[in-house]
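The structure appears right after this line, and notes come after that.
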Amino acid sequence: MSKTFNAASLARKNVKEMTPYMSARRLGGNGDVWLNANEYPIAPEYQFNEHNLNRYPECQPKDVILNYAAYAGVAPEQVLVCRGADESIELLIRAFCEPGKDAVMFCPPTYGMYSVSAEAFGVEQKKIAALSDWSLNIESIRENLSNTKLIYICSPNNPTGNIIDNKDLVEVLEMAAGLALVVIDEAYIEFCPQYSVASWLVNYPHLVILRTLSKAFALAGLRCGFALASAEIIEVLLKVIAPYPLSTPVAMIAAKALDMDGIATMKHRVATITESRIALFEALNELSVVEKVYPSETNYILVRFTDGNKVFKALWDQGIILRDQSKQPGLTNCLRITIGTEIENVRVIEAIEALC
């Protein structure tokens with residue numbers, strides 16, 4: 001060949017310029033206490049013994065759909081199963097947004113994949129910063145609805161851990177009617193099910209709810225998530241989803257996780273994590289290098305330190321891997337700590353205590 005191949009030169013301009021989402025695994029680390037990805041700390045046990053891997057799976061595996069519909073309290077035709085909630089975020093942009101014309105809106109500090117997915121598809125981003133108490137800036141949202149097709153709202157919000165007030169959600173839904181889809185990301189809703197808005201789907205046909213098996217169901221490695229919406233929205237999303245989004249083993253394990261025993265196990269898991277979160281919250285509040293421990297309705301806690309970088313590096317060097325959130329707006333010196341096992345939580349406290 002006469003010329004050196006340069007893949008970057010062939011890539012779309014916006015892709016060449018974008019920064020990828022830095023997932024916990026991409027960030028690396030050589031730890032033995034992984035508290036940076038909001039995972040459940042103990043692996044569940046599932047067995048797979050199917051013998052039909054020579055056949056393609058269903059696009060939407062029936063047992064998974066039926067079980068999740070029953071669990072979420074919606075009709076099967078209102079459920080789309082996909083490769084984690086992340087795929088739903090992208091499918092919505094692919095299906096409803098035209099690059100150069102439409103925009104997506106979200107309210108930082110919040111989950112980073114809303115921005116990355118929009119950037120990957122060349123779709124405008126409207127970043128409406130949350131207020132100082134992390135509630136929605138309703139008036140600013142109202143002023144920026146022009147050409148907005150998707151409004152992503154994470155509740156409980158990642159990384160802050162707070163619930164978005166239902167009155168604010170209703171106001172956004174009312175103002176967006178006929179203009180945009182409102183997408184409520186409920187990835188952590190199992191830790192506070194009383195705040196779910198799944199029952200609102202009856203009254204708001206432009207509402208979409210994102211869910212996952214990665215958190216409370218302890219199946220982050222399975223990559224299985226859901227979009228709940230009107231049958232009309234699901235039909236549109238089915239036009240752009242991959243032919244076989246879930247492999248046969250994934251579908252089998254997901255269906256099992258969503259049966260009566262699986263849901264009971266999940267609820268027990270949530271109770272244990274919640275108890276541990278309260279204990280960790282109280283212990284962190286006693287440490288002099290901690291400025292504030294923020295209330296949380298999830299499986300993680302956001303903590304503001306006097307010197308977040310020092311704490312992060314000190315624990316990193318000891319193999320305790322946390323998530324640095326200091327680059328998010330308003331989160332200077334903030335670290336996010338996933339709730340681990342009792343032993344892991346004690347190690348975190350002792351390591352931070354040594355810095356006091």
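Count residues from 1 along the sequence. Small disclaimer: the values here were computed from a predicted structure and weren't measured.
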Spatial distance of atom CG (L322) from atom CD1 (I352) [nearest 0.5 Å]: 6.5 Å
Flag for S214-R223: side-chain donor and acceptor within less than 3.5 Å: yes
Rounded at 0.5 Å granularity, tell me how far OG1 in T212 sits from CZ in F217. 9.5 Å
Short question: side chain of S135, backbone of L131 - any donor-acceptor pair under 3.5 Å? no
Would you say L315 and L287 are hydrophobically clustered, going by side-chain heavy atoms of ILVMFWY under 4.5 Å? yes
Any donor-acceptor pair under 3.5 Å linking the side chain of Q328 with the backbone of T110? yes
Criterion side chain to side chain contact (heavy atoms under 4.5 Å, CB included) on L213 and L258, from CA distance to verdict: CA-CA 9 Å; L213 298 187; L258 290 163; 4.1 Å; yes
Could you tell me whether the side chain of R277 and the main chain of I301 form a donor-acceptor pair under 3.5 Å? no
Could you state whether L173 and I189 fall into the same hydrophobic cluster, counting links through intermediate Ile, Leu, Val, Met, Phe, Trp or Tyr residues with side-chain heavy atoms under 4.5 angstrom apart? no
Do I241 and L181 sit in one hydrophobic cluster, given that two such residues count as connected whenever their side-chain heavy atoms are within less than 4.5 Å of each other, even indirectly? yes
Chi angles and distances behind the side chain to side chain contact (heavy atoms under 4.5 Å, CB included) call for I273, F191: CA-CA 9 Å; I273 289 293; F191 297 96; 3.8 Å; yes
Nearest 0.5 Å, please: how far is OG1 in T148 from CD1 in I128? 7.5 Å
Would you say P61 and V81 make side-chain contact, with heavy atoms under 4.5 Å? yes
Contact check, side chains of E235 and S230, non-hydrogen atoms, under 4.5 Å: no
How close do L92 and L210 get, counting heavy atoms only, and between which atoms? CD1-CD2, 4.3 Å
Give the minimum heavy-atom separation between C224 and V250, together with the two atoms involved. CB-CG1, 4.3 Å
Side-chain heavy-atom pair V182, Y204 within 4.5 angstrom cut-off: no
Please confirm whether the backbone N or O of I89 pairs with a side-chain atom of Y152, one donor and one acceptor, at under 3.5 Å? yes
Flag the pair Y188 / Y300 as yes when their ring centroid distance falls below 6.0 Å, and as no otherwise. yes
Same apolar cluster (I L V M F W Y, side chains within < 4.5 Å links), V170/L228: yes
Does N38 offer a backbone N or O that forms a donor-acceptor pair with the side chain of N299 under 3.5 Å? yes
Any donor-acceptor pair under 3.5 Å from S288 side chain to C356 backbone: no
Short question: side chain of E186, backbone of V197 - any donor-acceptor pair under 3.5 Å? yes
For S276 and N345 the tightest heavy-atom approach is CB-ND2, 3.8 Å
Using every non-hydrogen atom in the two residues, find where Q325 and L331 come nearest and quote the distance to one decimal. O-CB, 3.3 Å
From CA spacing to verdict: side chain to side chain contact (heavy atoms under 4.5 Å, CB included), C97, L150: CA-CA 8 Å; C97 294; L150 297 170; 3.7 Å; yes
Does E77 reach the side chain of I234, with side-chain heavy atoms less than 4.5 Å apart? no
Taken to the nearest 0.5 Å, the spacing of N67 CG from M260 CE works out to 11.0 Å
Using side chain to side chain contact (heavy atoms under 4.5 Å, CB included), reason through V236 and F96 one step at a time and then give a plain yes or no. CA-CA 9 Å; V236 174; F96 291 97; 3.7 Å; yes
Is V346 reachable from I339 through a run of I, L, V, M, F, W or Y residues, each pair having side-chain heavy atoms under 4.5 Å apart? no
Would you say N333 and E291 are linked by a side-chain donor-acceptor pair, where the criterion is simply a distance under 3.5 Å? no
Tell me whether R142 is salt-bridged to E171, with the criterion being a basic N under 4.0 Å from an acidic carboxylate O. yes
Side chains of Y114 and C154: does their closest heavy-atom pair fall under 4.5 Å? yes
Do C59 and P245 have side chains that approach each other closer than 4.5 Å (heavy atoms only, starting at C-beta)? yes
Under a 3.5 Å distance rule, please check whether E90 uses its side chain to pair with a backbone N or O of D86 as donor and acceptor. no
Test item: E124 side-chain N/O and K101 main-chain N/O as donor-acceptor pair under 3.5 Å: no
Minimal non-hydrogen separation, A37 against K215, with atom names: O-NZ, 3.6 Å
Angle between ring planes, F312 versus W316, binned at 30° and 60°: parallel, tilted or perpendicular? tilted
Tell me, please, whether Y40 has R269 positioned over its six-membered ring: NZ or CZ under 6.0 Å from the ring centre and within 45 degrees of its axis? yes
Taking the side chain as every heavy atom from C-beta outward, state whether P109 and T160 have any pair of such atoms under 4.5 Å apart. yes
Heavy-atom closest pair (F106 atom, S115 atom, distance to 0.1 Å) is CZ-CB, 3.5 Å
How far does CD of E58 sit from OG1 of T248, to the nearest 0.5 angstrom? 9.0 Å
If you count the non-hydrogen atoms of other residues, nucleotides and ligands that lie under 6.0 Å from CD in E342, is the total more than 12? no
Hey, is OH on Y46 packed in by over 12 heavy atoms from elsewhere, all under 6.0 Å? yes
The reported gap from CD1 in I209 to CH2 in W200 (rounded to nearest 0.5 angstrom) is 9.0 Å
Side chain to side chain, D259 and K256, heavy atoms closer than 4.5 Å: yes
Centroid separation under 6.0 Å, is that true for the rings of Y71 and F226? no
Would N158 and R336 count as having a side-chain donor-acceptor pair, cut-off 3.5 Å? yes
Please confirm whether the backbone N or O of N157 pairs with a side-chain atom of N162, one donor and one acceptor, at under 3.5 Å? no
